[in-house]
Novice: 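Dropping a structure here in structure tokens format, bear with me for questions.
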Amino acid sequence: MADGVEGASDTLWHGRFEGGPAEALMAFTVSLPFDQRLWEADIKGSQGHVRGLGRAGILNPAEVDSVLVALDAVAAEFSDGSFVFKDGDEDVHTAVERRVTEIAGDAGAKMHTARSRNDQVATDLRLWTLGAMRAVARDLIGLQEILLDRAQSCEGVYLPGYTHLQRAQPVLLAHHLLAHGWAFARDVDRIVDALERMDVSPLGAGALAGTSVAIDPVATAADLGFASVFQNSLDAVSDRDFVAESLFILALIGVHLARIGEEWVLWSSEEFGFVRIDDAYATGSSMLPQKKNADIAELARGKSGRLIGNLTGLLATLKGLPLAYNRDLQEDKEPLFDSVDQVRLAVSAVGGMIATATFVPESMAAAADAEVMVATDLAEHLVRSGLPFRKAHAVVGRLVRRHLAGEGALVDLAVAEIGPECAELFSPGAGAQNRTSPGGAGPIPLPAQIEAFVGDLAAARRRLGGSS
Ligand code: ARG
């Protein structure tokens with residue numbers, strides 16, 4: 001075995017092979033460096049499987065006990081960092097089984113009866129993803145709470161609302177912050193929906209077709225806390241929809257964070273000056289002493305590219321795979337782990353940045369009180385006196401053109417052409433006050449929105465608690 005891996009002849013599948021695996025094969029196909037983080041799920045899944053083998057009479061009660069004790073010992077080794085990997089350990093499943101067999105002997109060697117790594121890895125990854133996506137949802141609820149808290153403590157603060165990044169109409173800051181909060185509400189909702197679909201045990205599907213051994217996948221699913229069990233063994237081992245769906249949700253969360261990121265890059269610039277980021281959540285420049293940079297906001301924007309890449313990469317991997325298990329499926333884990341990690345880091349950093357920042361109401365008001373921002377209110381004023389909106393729009397448009405041509409302040413031109421009562425539309429903050437329609441950006445509809453948001457948060461918390 002000149003080019004073989006020393007000590008690696010003890011692979012799980014060595015019986016059929018003459019020599020040991022080539023070094024290049026192991027180096028290329030090994031998944032242990034990244035799938036070892038599934039150890040807890042793997043041990044939990046094995047415990048459920050072993051209890052099932054006991055119920056099926058494949059392992060006697062003493063054997064069940066000794067394997068369960070060995071699995072506990074392996075779990076302890078993983079959690080205190082004393083677990084020692086060996087060269088033949090291709091992946092976490094191999095490593096755990098090898099160690100259990102070292103500890104429990106022949107009883108350990110029975111553990112893999114009526115199971116394949118194909119249904120095992122699908123089970124592990126579902127267990128892991130259920131926990132991880134629940135954690136993401138809880139993180140998001142924390143971020144929503146920060147947005148709500150800031151929205152409730154900036155009474156009366158208004159800023160320009162934008163379309164095409166051109167100033168459009170004034171909006172309350174609370175309204176703007178909650179707009180992002182609603183996007184995260186939908187993300188949480190998507191996670192809870194996805195959790196329901198992924199809460200299906202594939203254990204018992206075997207390599208692809210089930211087994212001749214009298215196991216009971218329904219009982220094992222219940223034992224492991226899954227809500228339901230697979231109906232088709234081929235589908236059970238090849239389905240990675242739950243990973244794709246999670247990656248989509250994580251990518252969309254990334255897109256939502258990126259929108260906040262972009263705004264905060266702008267808002268914290270000298271040009272806007274709407275917000276001062278706390279020193280703890282900003283970075284400096286190695287060369288330019290005066291710089292204070294919004295790196296969290298920039299990376300919230302930047303990391304979305306990678307999250308989208310993780311999704312499209314997995315979809316490309318899944319496309320065209322024949323049933324059932326193919327080793328290609330091993331490529332599901334790294335993007336999933338990466339997207340979960342990156343989103344959790346981003347939510348925490350963006351939450352901290354928002355929670356600690358200082359808004360600058362004067363700068364926001366100065367921008368929002370620009371005269372031309374009153375244009376739509378002037379047109380609506382004319383509408384109230386009976387003029388068709390299209391005509392009112394043209395009247396006000398002409399006034400704005402004359403104002404921009406230097407003929408005078410818009411307020412003076414409006415008073416002269418429309419009447420003295422329009423002067424009050426120009427008073428500071430009037431624009432935000434006047435957004436009165438339900439769901440609108442002013443103080444009159446705001447309390448109802450806040451009440452709905454608080455109700456939605458409570459419902460999300462309940463749904464999440466209920467599905468754990
Ligand atoms: N490391 C593998 C994966 O992640 C485990 C399943 C291996 N199955 C197999 N038939 N080689 O997919």
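In listed order, ligands and their atoms are each counted from 1. If you read the sequence from its start, that first residue is 1, and numbering goes on from there. Hydrogens, waters and symmetry mates are skipped; everything else that's a heavy atom, side chains included, is used.
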Novice: Nearest heavy atom to atom 11 (N) of ligand 1: which of K333, R117, E90 does it belong to?
Specialist: R117
Novice: With F274 as reference, evaluate L173, V360, L159, L266 under the side chain to side chain contact (heavy atoms under 4.5 Å, CB included) test and give the passing residue.
Specialist: L159
Novice: Under 4.0 Å from any heavy atom of V121, which atoms of ligand 1 are there?
Specialist: 4 (O)
Novice: Just distances here: any N/O of H93 and N/O of ligand 1 closer than 3.5 Å?
Specialist: no
Novice: For atom 6 (C) of ligand 1, find the nearest protein heavy atom and state the residue, atom name and distance (0.1 Å precision).
Specialist: Y325 OH, 3.4 Å
Novice: Among protein heavy atoms, which sits nearest to atom 1 (N) of ligand 1, and what does the distance come to when rounded to 0.1 Å?
Specialist: Q330 OE1, 2.8 Å
Novice: Which of the atoms in ligand 1, numbered in the order shown and given with their element, are less than 4.0 Å from a heavy-atom of N118?
Specialist: 8 (N), 9 (C), 10 (N)
Novice: Taking only Lys NZ, Arg NE, NH1 and NH2, and the carboxylate oxygens of Asp or Glu, determine whether D223 and R51 approach each other closer than 4.0 Å.
Specialist: yes
Novice: Which residue supplies the protein heavy atom nearest to atom 5 (C) of ligand 1, what is that atom called, and how far is it?
Specialist: D91 OD2, 3.5 Å
Novice: Any salt bridge (charged side-chain N to carboxylate O under 4.0 Å, His left out) involving residues 241-269? Give me the pairs, sequence neighbours left out, ordered by first then second residue.
Specialist: R197-E245, E262-R301
Novice: With a 3.5 Å distance limit and no angle check, can you tell me whether R126 reaches the backbone of F226 through a side-chain donor-acceptor pair?
Specialist: no
Novice: Among side-chain atoms of Q342 and N310, is any donor-acceptor pair under 3.5 angstrom?
Specialist: no
Novice: Run the ring-centre check on H256 versus W182 and record whether the distance is less than 6.0 Å.
Specialist: no
